[in-house]
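Okay, structure first, notes after.
Just so it is clear: chains get the letters A, B, ... in the order the sequence lines come, proteins before strands, and each one is counted from 1.
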Amino acid sequence: MFQNCREGGALFHISDAKNFVGEEVEIRGWLYNKRSKGKILFYIIRDGTGYIQAVAVKGEAPDKAFEMYDQLGLESSIIVKGIVREEPRAPGGYELTLTDIKPVHKSVDYPITKKEHGTAFLMEHRHLWLRSKKQRAILRIRSFVEKKIVDFFYENGFVRIDTPILTATAAEGTTNLFATEYFNLGKAYLAQTGQLYLEAAIFAHGLVYNFGPTFRAEKSKTRRHLMEFWMIEAEEAFYDNDDNIALQEKFISYLIQNVLENCGDDLKILERDTSLLEKVVPPFPKITYDEAIEILSRKNFKIRWGEDFGGDDETAISESFEKPVFVMNYPRDIKAFYMKEHSERPELVKCADLIAPEGYGEIIGGSQREEDYDKLLKNMKDFGLSEDDYGWYLDLRKYGSVPHSGFGMGLERFVAWVCGIPHVREAIPFPRMLYRIYP
RNA sequence: UCCGGCGUAGCUCAACCGGUAGAGCGGGUGGCUGUUAACCACUAGGUUGGGGGUUCGAGUCCCUCCGCCGGAGCCA
C-alpha cells in the first residue's frame, strides 16, 4: 500500500481505524459512495483495506467539502483528512469527522452504478468490476488460497517444479491446444498440463508440484470452463493410488480449514454458508465408478457403464454426500493413456476424481501412473500417440522406474466452490472464455 | 459445432390477443442536520440489435444475419 511513500503524519489504513480513535488521519483512496442531506453530507471512502464514512457538517467542516460534493463522481480518487471517531451507527463501527478533502482525479459517469447489473455488462467492464466488494472478496480469497497451496507443499516436503508453458506436442492427445509459431522448429503449443514433466522431476526430487496457467482450446461453454485457468499439479514417487488419495484429502482439508480460519470477513461479504465447508475434514467418502453408476441408475439417470459423467451426473453424485467424494477406478477407455491398469480388472484404471459438494463438479483428477515400459508403450499405440514424440517420457520407465501417482486441481473451480459463486469466471481476475478475451 | 433462451433509455427490466413505448436506478435542476442501494419534487434521455417480409397497423408474427447467456461434447 501507500504508507511506504508517505511523508510524515500517521500511517493509516481504514482497516486499522480502531487504533486511531481521536487522531487526525489521512486516507488516500477512492470515493465509494456519497450522500447529501442538505447541511450534512457523507462521503464513503475505500482505500483497498476497507470502507469508512467521512461526515461533514455545514459550518463545522471546511466549505470545500460542500463545494466538492457535486464535482466528485463515484470512484473519484481523493485524499481525505479527518478525525477518527467511534460511531455505533456506522457499519464498521468507526467514522471520520472530515477536516479536509482533496481530489486526485475526478471520475465522471462511472459505469457501474449502485443498482444491479447483468453479467454481460459486468464482464465487459471487468477492469472496473474488480473494485466492487464481492469481486474484491473473491480475489482476496483466491490470493490466500494460492499462498496456502504453496505452504502446504512446502510443509510436506515437495519441491516446486515450474513446468514449461510452450511445449512441442500434445500431452494427452485428444484435446485441442492453442498453437503458435516457434521459429524454425514449427509449431509450439500452450501447455494443457505439466504432468509429464513432473513425472520426470520425481526421479530427482521424489515429491514435486507445479502451479501455473494452463490452456485448453476446447470450445467449452459452461460455468465450469475457462480457456486459460490455473492448475496445481502434484506428482509423488512411490505413492500408489491410495497414498495419492490420502494426500489429496489432507490437501483439500488444509486449504478449506485455513480459509475458514483466515477469510471470515470475505466469506461474510460473499454470504457464504460455511457450515458445509466446516465438514470438509478427512476422511472423505470413496466410491468406485461402478458404485457411482449404480447411484445414478437409482436416480433414473440415463447413463450406461462405460460412459463418462456429465455435469448433471456429477451434481447428482455429490448430492449423496456432505463432503467431497472420490470416484475411483474408471474404465480405461474414457481416461488418459498414462493411467495404471487395475490389477484385478484390466478394463479399469487406478484413478480417482474428486467431486466437490453442492454441484461444483470435479475439482481434482488424479491417478496412479503406468510405470511399466511395455504396457505404457502399448497404451500409447492404442491411443494413437507417436513413440517419437514421447521418447523422453518412455525413458523414465527405462532408468529406475518406480510406482508413482499424481493429481491436478483446478484453482478456479476450487475458489468458486469455497466462495459459493456459481461460475468460475468470477474466480479469476480476467477470465479468458470462448467468446470473450476482452478486457 | 449442436440444442435451448435472450436482445426495448447509460444500467436493470415492463409493455395482456398485433393497436399512441413505460418504470426504477443513473444523469441534470431544486429541497432536506444522521444518511446506510438515503429520501422528496421536477427534468432530459428511444432508428425496440441489423436487414427483409406479412399486415390498415409490428417491440410483439415469419425469414435471415449479428451479439450475448445457459447447456452438451471435452475436461480441471
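Comparing the P positions of B:rA9 and B:rU48 gives a spacing of 10 Å, expressed to the nearest Å. Across the P atoms, B:rC2 and B:rU64 are found 13 Å apart, a figure rounded to whole Å. Comparing B:rC75 with B:rC16, their P atoms sit 47 Å apart, to the nearest whole Å. Nucleotides B:rC25 and B:rC39 place their C1' atoms 14 Å apart, quoted to the nearest Å. B:rU20 and B:rA15: their P atoms are spaced 15 Å apart (whole Å). Taking atom P in both B:rG7 and B:rU60, the straight-line distance is 11 Å, to the nearest Å. Rounded to whole Å, the C1' atom of B:rG26 lies 14 Å from the corresponding atom of B:rU43. Comparing B:rC61 with B:rU55, their C1' atoms sit 10 Å apart, to the nearest whole Å.
Listed candidates were B:rC32, B:rA76, B:rA37. Nearest to the side chain of A:K37 is B:rC32. Side chain of A:T222, nearest nucleotide from B:rA76, B:rA72, B:rC75: B:rA72. Checking B:rU12, B:rA76, B:rC75 against every side-chain atom of A:L226, the shortest atom distance belongs to B:rA76. Of the candidates B:rG34, B:rG70, B:rU12, B:rG34 carries the atom nearest the A:R85 side chain, counting heavy atoms from C-beta on. With B:rG71, B:rC75, B:rC11 as the choices, the nucleotide that has an atom nearest any side-chain atom of A:R413 turns out to be B:rC75. Of the candidate nucleotides B:rG27, B:rU33, B:rC75, B:rG27 has the atom nearest to the side chain of A:D109. Among the nucleotides B:rU12, B:rC75, B:rU33, the one closest to the side chain of A:R216 is B:rC75. Relative to the side chain of A:V55, the nucleotides B:rC69, B:rA37, B:rG34 differ in distance, and B:rG34 lies closest. Checking B:rC75, B:rA37, B:rU35 against every side-chain atom of A:E314, the shortest atom distance belongs to B:rC75. For A:L434, whose side chain is taken as the heavy atoms from C-beta onward, the closest listed nucleotide among B:rA37, B:rG70, B:rU1 is B:rU1.
You won't find any donor-acceptor pair under 3.5 Å spanning the side chain of A:E307 and the base of B:rG73, going by distance alone. For A:H225 against B:rC75, a side-chain N or O and a base N or O form a donor-acceptor pair under 3.5 Å. Within 3.5 Å, a donor on the side chain of A:S220 pairs with an acceptor on the base of B:rC74, or the reverse. Taking only distance into account, the side chain of A:S36 meets the base of B:rC32 through a donor-acceptor pair shorter than 3.5 Å. Checked by distance alone, A:R436 brings no side-chain donor or acceptor within 3.5 Å of a matching partner on the base of B:rC69.
Checked against a 6.0 Å centroid threshold, the rings of A:F178 and A:Y189 do not count as neighbours. The aromatic ring centres of A:Y393 and A:Y197 sit 6.0 Å or more apart.
At B:rU35, none of the side-chain N or O atoms of A:R89 fall inside 4.0 Å of OP1 or OP2 (strictly under the cut-off). Using a 4.0 Å cut-off, no side-chain N or O of A:R425 falls inside it from OP1 or OP2 of B:rC68.
Atom P of nucleotide B:rA76 and atom CD of A:Q248 are separated by 12 Å, given to the nearest angstrom. Taking atom CG of A:L122 as the reference point, atom P of B:rG10 lies 17 Å away to the nearest angstrom. What separates NE2 of A:H125 from P of B:rG26 is a distance of 17 Å, to the nearest Å. For the pair A:Y438 OH and B:rC68 C1', the computed distance is 16 Å after rounding to whole Å. If you measure from atom CD of A:E124 to atom C1' of B:rG67, you get 11 Å, rounded to the nearest angstrom. Taking atom CZ of A:R224 as the reference point, atom P of B:rG70 lies 12 Å away to the nearest angstrom. Distance, A:E218 CD to B:rC75 C1': 5 Å, rounded to whole Å. The nearest whole Å value for the distance from the CH2 atom in A:W129 to the C1' atom in B:rU12 is 15 Å.
Taking a cutoff of 4.0 Å between a charged side-chain nitrogen and a carboxylate oxygen, A:R425 and A:E412 do not qualify as a salt bridge. Under the 4.0 Å criterion applied to side-chain N and carboxylate O atoms, A:R89 and A:E95 are not assigned as salt-bridge partners. Ion pair A:E341/A:K350 not flagged as a salt bridge, since none of the NZ, NE, NH1 or NH2 atoms sits closer than 4.0 Å to an Asp/Glu carboxylate oxygen.
Across all strands shown, B:rG70 pairs with B:rC3; the Watson-Crick or G-U wobble distances both stay below 3.5 Å. When both pairing distances are held under 3.5 Å, B:rC13 makes a Watson-Crick or G-U pair with B:rG22. Within the shown strands, nothing qualifies as a pairing partner of B:rU35 under the Watson-Crick or G-U definition with both distances less than 3.5 Å.
Note: A:F284 and A:F326 have parallel aromatic rings, judged against thresholds of 30 and 60 degrees for the angle between ring planes. The aromatic rings of A:Y289 and A:W305 stand perpendicular to each other, their planes meeting at an angle above 60°, with 30° marking the opposite boundary. Using the six-membered ring where Trp is involved, A:H125 and A:F121 have ring planes that are tilted, between 30° and 60° apart.
B:rC17: glycosidic angle within 90° of 0, hence syn.
Ring-base stacking between A:F42 and B:rG34 is not satisfied when judged by a centre separation under 5.5 Å and a plane angle under 30°.
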